[in-house]
Each structure stands twice: as structure tokens, then as C-alpha cells.
Amino acid sequence: MAAGPALPGLFCAFAAMVLLIFVSVSSPTWEKISFLNVGSGDSVTHYGVFGFTGSQTHIGYDFNPANLGFDSSTLNTEIIHNLTKVLILYPIAAGISGLAVLFGLCGAAYHRVGTVMMLLATSLALIVTLVVWVIEMVLFGIARDRFHDQNITADFGNANWLGLGALVALALGVCASTCGVFGRYRRHRDAY
């Protein structure tokens, strides 16, 4: 028998998973999604989870926009390089959200234990997403300011806001899953 109380949490976890997948395939894989856009005109460099425009896909990178005459000594430090490695938490959060969706399907179709597991997975995904979102906003905020200091155009990309949307969806998913855990899973039988 289907369990209606698990459905709102399932929907929120699914929405967060899709948004986190979009963030995970940002530049250089998908140039339309990026955290930071540097430059103007034809020479725009997009920065994503696994690199930037024209780079190989890898974990961790330095900020080296092409053809902009950028003095990278103020930005390419060991700390900044290591913070770009933390962006790997976005695909991890997407995977945890995917697990929450699977648990939610079990909770919606079978038993309350699936909804409890969905709550736990959604809570973990929320914590991971919160940590990586705060780190990436600080990281790309610093990078944007350093580019502006050298009169180079730099703007936040849409991946920041997709990550925020996933964070909100996960927070709503935790609330909905918590309510779903205590929802009614059986019909009361009327005595005749």
C-alpha cells in the first residue's frame, strides 16, 4: 500500500538530486553551468567543479584565465588550490541525494523504514551540501574580488544558485521526511 506521507520528502530529495547533478557537470563538462565567469567578450573563462574552460577534467585546479594578463600570485596559493578540491563534495551530495530518493521510493511503496532511511540520507546530503556551498561561495567570492582588483570582469555563475536551490530543497526534504516518518501508513479498519 502506498504511503502518502513519504511523497513530499521524496519529491524534495529528487529535486535536490537533479540540481546537484547539474552543478556536478559544470564547466569544463557543460560550459553553460559555472561558478565564476571571468573575462568578457569571446575570452570568457568558466570555472566549475572539475576545472575550467579549456582544461582537462580533474579534481583541484589553479585560477589561470587565458589571455587576460592576470597576476595569479595572489590567488594561486596552496589553500585556494586545496579549496577547489573540496568541490568534489557536490557529486558526493548528489549521490547521497540519489540514495535518499531510492529510500523514499521504498518508503512510499512499502514501509516506514524507507522513510526513516530517506530522512537520514537527506539529512546527510543537507549537511554535505551546506558545507560545500559555504566553501564555494567563499572561494569564488575571494577569486572574484582578486580579479576585480586587477580590473578583470568576474561574475558569479549560475551553479552557485543551483547549489543554493538544492540546499533549500534538501532542507525542505528533511522537514517533509520528518513529518512523513510520523505519518499514517495504514488505514484503520472499520468494524462491522
Side-chain angles (χ1 to χ4, degrees), residues 10-68 70 72 75-76 79-101 122 124-176:
L10 174 62
F11 174 75
C12 290
F14 180 76
M17 179 190 71
V18 170
L19 290 172
L20 289 168
I21 289 172
F22 284 166
V23 171
S24 298
V25 296
S26 59
S27 186
T29 307
W30 189 7
E31 290 295 321
K32 297 285 184 189
I33 298 178
S34 63
F35 292 106
L36 188 68
N37 304 319
V38 178
S40 60
D42 293 335
S43 62
V44 176
T45 303
H46 304 281
Y47 290 91
V49 171
F50 294 112
F52 52 91
T53 302
S55 74
Q56 296 293 324
T57 302
H58 51 84
I59 299 171
Y61 52 86
D62 291 324
F63 289 90
N64 293 318
N67 305 323
L68 295 178
F70 177 68
S72 62
L75 188 57
N76 288 333
I79 294 171
I80 298 292
H81 181 76
N82 288 335
L83 284 177
T84 61
K85 292 179 181 180
V86 174
L87 296 175
I88 191 68
L89 290 176
Y90 269 120
I92 292 170
I96 297 169
S97 296
L99 283 175
V101 169
T122 305
L124 180 60
L126 173 66
I127 292 168
V128 171
T129 304
L130 177 64
V131 167
V132 70
W133 188 78
V134 168
I135 289 172
E136 61 98 350
M137 287 303 290
V138 170
L139 169 68
F140 291 109
I142 291 170
R144 186 184 67 147
D145 290 344
R146 298 284 165 82
F147 285 118
H148 283 172
D149 289 346
Q150 296 186 22
N151 296 323
I152 297 173
T153 304
D155 298 312
F156 285 122
N158 52 6
N160 301 302
W161 315 123
L162 291 172
L164 179 61
L167 184 65
V168 170
L170 286 168
L172 292 173
V174 167
C175 293

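With hydrogens and angles disregarded, no donor-acceptor distance shorter than 3.5 Å links the side chain of Y61 to the backbone of Q56.
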*asked:* The test is side-chain contact (heavy atoms from CB on, under 4.5 Å); show your working for F50 and I88 and say whether it passes.
replied: CA-CA 8 Å; F50 294 112; I88 191 68; 3.4 Å; yes
*Step by step, work out the side-chain contact (heavy atoms from CB on, under 4.5 Å) result for L36 and F147.*
CA-CA 11 Å; L36 188 68; F147 285 118; 4.0 Å; yes
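Annotation: F63 is in aromatic contact with Y47 [ring centroid separation under 6.0 Å].
Taken to the nearest 0.5 Å, the CE atom of M137 stands 11.5 Å off from the CD1 atom of I142. Once rounded to the nearest 0.5 Å, the distance linking CG of L130 with CG of L164 reads 10.5 Å. From I33, atom CD1 reaches atom CD1 of I21 across 11.0 Å, with rounding to the nearest 0.5 Å. The CD1 atom of I79 sits 8.0 Å away from atom CG of N82, with the distance rounded to the nearest 0.5 Å. From L162, atom CG reaches atom CH2 of W133 across 12.5 Å, with rounding to the nearest 0.5 Å.
The nearest pair of heavy atoms linking F156 to N37 is O-ND2, 4.1 Å. Here the closest non-hydrogen pair linking L19 and G165 is CD1-C, 3.6 Å. Heavy atoms only, all atoms of each residue included: A166 and A16 are closest at O-CB, 3.8 Å. The two residues L87 and E136 have their closest heavy-atom pair at CD2-CB, 3.6 Å. Between A169 and C12, the shortest heavy-atom contact is O-CB, 3.3 Å. Nearest approach of S26 to G48, heavy atoms of both residues: OG-CA, 3.3 Å.
Partner of L20 under the side chain to side chain contact (heavy atoms under 4.5 Å, CB included) criterion, chosen from I92, T129, I96: T129.
Take V131 and apply the side chain to side chain contact (heavy atoms under 4.5 Å, CB included) test, not counting sequence neighbours, and it matches L89, I135. Remark: L126 pairs with L167, L170, A171, V174 by the side chain to side chain contact (heavy atoms under 4.5 Å, CB included) rule, at least two apart or across chains. Under the side chain to side chain contact (heavy atoms under 4.5 Å, CB included) criterion, T53 pairs with S27, E31, T45, H46, not counting sequence neighbours. Residues forming a side chain to side chain contact (heavy atoms under 4.5 Å, CB included) with F14 (at least two apart in sequence, or on another chain): M17, V18, V101. Taking the side-chain hydrogen bond (donor to acceptor under 3.5 Å, both in side chains) definition, one finds that T84 meets it with nothing, sequence neighbours left out. Every residue two or more places apart in sequence or in another chain was checked for a side-chain hydrogen bond (donor to acceptor under 3.5 Å, both in side chains) with D145, and none qualifies. When the side-chain hydrogen bond (donor to acceptor under 3.5 Å, both in side chains) test is applied to H148, no partner is found at least two apart in sequence or on another chain. In terms of the ring-ring contact (aromatic ring centres under 6.0 Å, His included) criterion, residue partners of W30 (sequence neighbours excluded) are, by chain and number, F22.
Around atom NZ of K32, no more than 12 heavy atoms belonging to other residues, nucleotides or ligands sit under 6.0 Å away.
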